[in-house]
Student: 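I have a structure here, written as structure tokens, and I will follow up with some questions on it.
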Amino acid sequence: MDMSTLSEVTYGDKESLDRFLFENQLQHTLFHQGLFQQGLVCPAYPLTDVDPDNFDDWLQSHQVEHQFMANALGLSNPFNMLDADFRKEADFYDWLNNHYTIHSEIAASLGLS
């Protein structure tokens, strides 16, 4: 699992965002499989589909998946992803850092790290 791709995104750079979206979707798929092996079916959304000018729907879908995973694995609830304003560079990077931490916790909990 390539966790580094989740942190190697440059604000405003579509190519690095596309790499992030692809790796994020792969990781979510692995997380879904790990939960399924435990008898749990996680809500799943197409997390590679995003409008770079409006992340709100994507953030909502992402929040739903992460909230389910945190609850299912007994992890602390993830930060509210909808609080980020991706039009602000600082918000974007804060969100990336928090998101990276959450993925690391989920991967460790599922034995994928």
Side-chain angles (χ1 to χ4, degrees):
M1 183 174 300
D2 184 7
M3 297 299 284
S4 65
T5 303
L6 296 183
S7 63
E8 296 172 349
V9 183
T10 303
Y11 181 77
D13 178 34
K14 182 169 177 6
E15 287 183 27
S16 65
L17 178 62
D18 287 345
R19 286 189 301 273
F20 165 87
L21 292 169
F22 180 76
E23 181 62 31
N24 183 65
Q25 183 68 64
L26 288 176
Q27 289 186 24
H28 274 251
T29 300
L30 289 172
F31 296 162
H32 295 168
Q33 291 169 351
L35 289 167
F36 187 76
Q37 290 173 351
Q38 296 179 19
L40 302 168
V41 177
C42 181
Y45 298 94
L47 297 178
T48 54
D49 297 336
V50 64
D51 175 359
D53 295 321
N54 182 1
F55 279 87
D56 290 347
D57 289 341
W58 181 83
L59 288 168
Q60 175 65 39
S61 300
H62 211 161
Q63 178 75 28
V64 169
E65 286 197 26
H66 275 286
Q67 189 71 42
F68 180 90
M69 292 176 204
N71 291 334
L73 296 170
L75 302 172
S76 61
N77 287 331
F79 68 104
N80 186 350
M81 294 185 183
L82 295 167
D83 285 344
D85 182 350
F86 279 12
R87 295 170 295 184
K88 297 177 182 174
E89 188 171 352
D91 276 16
F92 178 79
Y93 285 117
D94 286 345
W95 186 94
L96 279 178
N97 289 331
N98 288 320
H99 180 257
Y100 179 91
T101 299
I102 290 170
H103 270 242
S104 296
E105 292 172 356
I106 294 168
S109 181
L110 291 171
L112 298 172
S113 56

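Every heavy atom of this structure was used, including side-chain atoms; hydrogens, water molecules and symmetry mates were not.
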Student: For the residue pair Glu65 and Cys42, what are the closest heavy atoms and their distance?
Tutor: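 Shortest heavy-atom separation between Glu65 and Cys42 comes out as O-SG, 4.1 Å.
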
Student: Under a 3.5 Å threshold, yes or no: a donor from one side chain and an acceptor from the other, between Asp13 and Thr10?
Tutor: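 Thr10 and Asp13 do not have a side-chain donor-acceptor pair below 3.5 Å.
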
Student: Does the side chain to side chain contact (heavy atoms under 4.5 Å, CB included) test come out yes or no for Asp51 and Trp58, once each step is laid out?
Tutor: CA-CA 8 Å; Asp51 175 359; Trp58 181 83; over 6 Å; no

Student: Closest approach of Ala70 and Ser76, non-hydrogen atoms and distance?
Tutor: CB-O, 3.6 Å

Student: From Thr5 OG1 over to Gln27 CD, what is the distance, rounded to the nearest 0.5 angstrom?
Tutor: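 Reported value, rounded in 0.5 Å steps: 8.0 Å.
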
Student: Would you say Asp49 and Pro46 make side-chain contact, with heavy atoms under 4.5 Å?
Tutor: yes

Student: Run the numbers on Phe79 and Thr101 for side chain to side chain contact (heavy atoms under 4.5 Å, CB included), then give the verdict.
Tutor: CA-CA 10 Å; Phe79 68 104; Thr101 299; over 6 Å; no

Student: Is Leu82 reachable from Ile102 through a run of hydrophobic residues whose side-chain heavy atoms are each under 4.5 Å from the next?
Tutor: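 Linked, Ile102 and Leu82 end up in one cluster.
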
Student: First locate atom CD of Gln67, then atom CG of Asn80, and finally report the distance between them rounded to the nearest 0.5 Å.
Tutor: 9.0 Å

Student: Could you tell me which non-hydrogen atom of Gln63 sits nearest to which non-hydrogen atom of Met81, and how far apart they are?
Tutor: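 Closest heavy-atom pair between Gln63 and Met81: OE1-N, 2.7 Å.
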
Student: Around atom OH of Tyr11, are there more than 12 heavy atoms from other residues, nucleotides or ligands closer than 6.0 Å?
Tutor: yes

Student: Leu110 vs Met69, test: side chain to side chain contact (heavy atoms under 4.5 Å, CB included). Steps then yes/no.
Tutor: CA-CA 10 Å; Leu110 291 171; Met69 292 176 204; over 6 Å; no

Student: Classify the angle between the aromatic ring planes of His28 and Phe31 as parallel (below 30°), tilted (30 to 60°) or perpendicular (above 60°).
Tutor: tilted

Student: Please work out which of the three classes, parallel, tilted or perpendicular, describes the rings of His99 and Trp95, given edges at 30° and 60°.
Tutor: parallel

Student: What I'd like to find out is whether the side chain of Glu8 reaches to under 4.5 Å of the side chain of Ser16, using heavy atoms alone.
Tutor: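 A side-chain contact is absent here, since even the closest heavy-atom pair is not under 4.5 Å.
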
Student: Would you compute the distance between atom CG of Asp94 and atom CG of Asp85 and round it to the nearest 0.5 angstrom?
Tutor: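 CG of Asp85 is found 12.0 Å from CG of Asp94.
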
Student: CG/Leu47 to CG/Leu21 distance, rounded to the nearest 0.5 angstrom?
Tutor: 8.5 Å

Student: Test your reading of the model: is there a side-chain donor-acceptor pair from Thr29 to the backbone of Gln25, 3.5 Å cut-off?
Tutor: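 Yes, Thr29 side chain to Gln25 backbone: donor-acceptor pair under 3.5 Å.
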
Student: Atom CG of Asn98 and atom OH of Tyr93: how far apart are they, to the nearest 0.5 Å?
Tutor: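 If we round to the nearest 0.5 Å, Asn98:CG and Tyr93:OH are 15.0 Å apart.
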
Student: First locate atom CG of Leu26, then atom OG1 of Thr48, and finally report the distance between them rounded to the nearest 0.5 Å.
Tutor: 9.5 Å

Student: Using the rule given for side chain to side chain contact (heavy atoms under 4.5 Å, CB included), can you reason through Phe68 versus Leu35, listing the C-alpha separation, both sets of side-chain angles and the distance that settles it, and then say yes or no?
Tutor: CA-CA 10 Å; Phe68 180 90; Leu35 289 167; 4.2 Å; yes

Student: Is the closest side-chain heavy-atom distance between Leu112 and Leu30 below 4.5 Å?
Tutor: yes

Student: For the residue pair Gln37 and Gln33, confirm or rule out a side-chain donor-acceptor distance under 3.5 Å.
Tutor: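 Distance-only check fails for Gln37 and Gln33.
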
Student: Is there a path of hydrophobic side-chain contacts, each under 4.5 Å between heavy atoms of I/L/V/M/F/W/Y residues, joining Ile106 to Leu40?
Tutor: yes

Student: Would you check if Leu59 and Phe86 make a side-chain contact, meaning some heavy-atom pair closer than 4.5 Å?
Tutor: yes

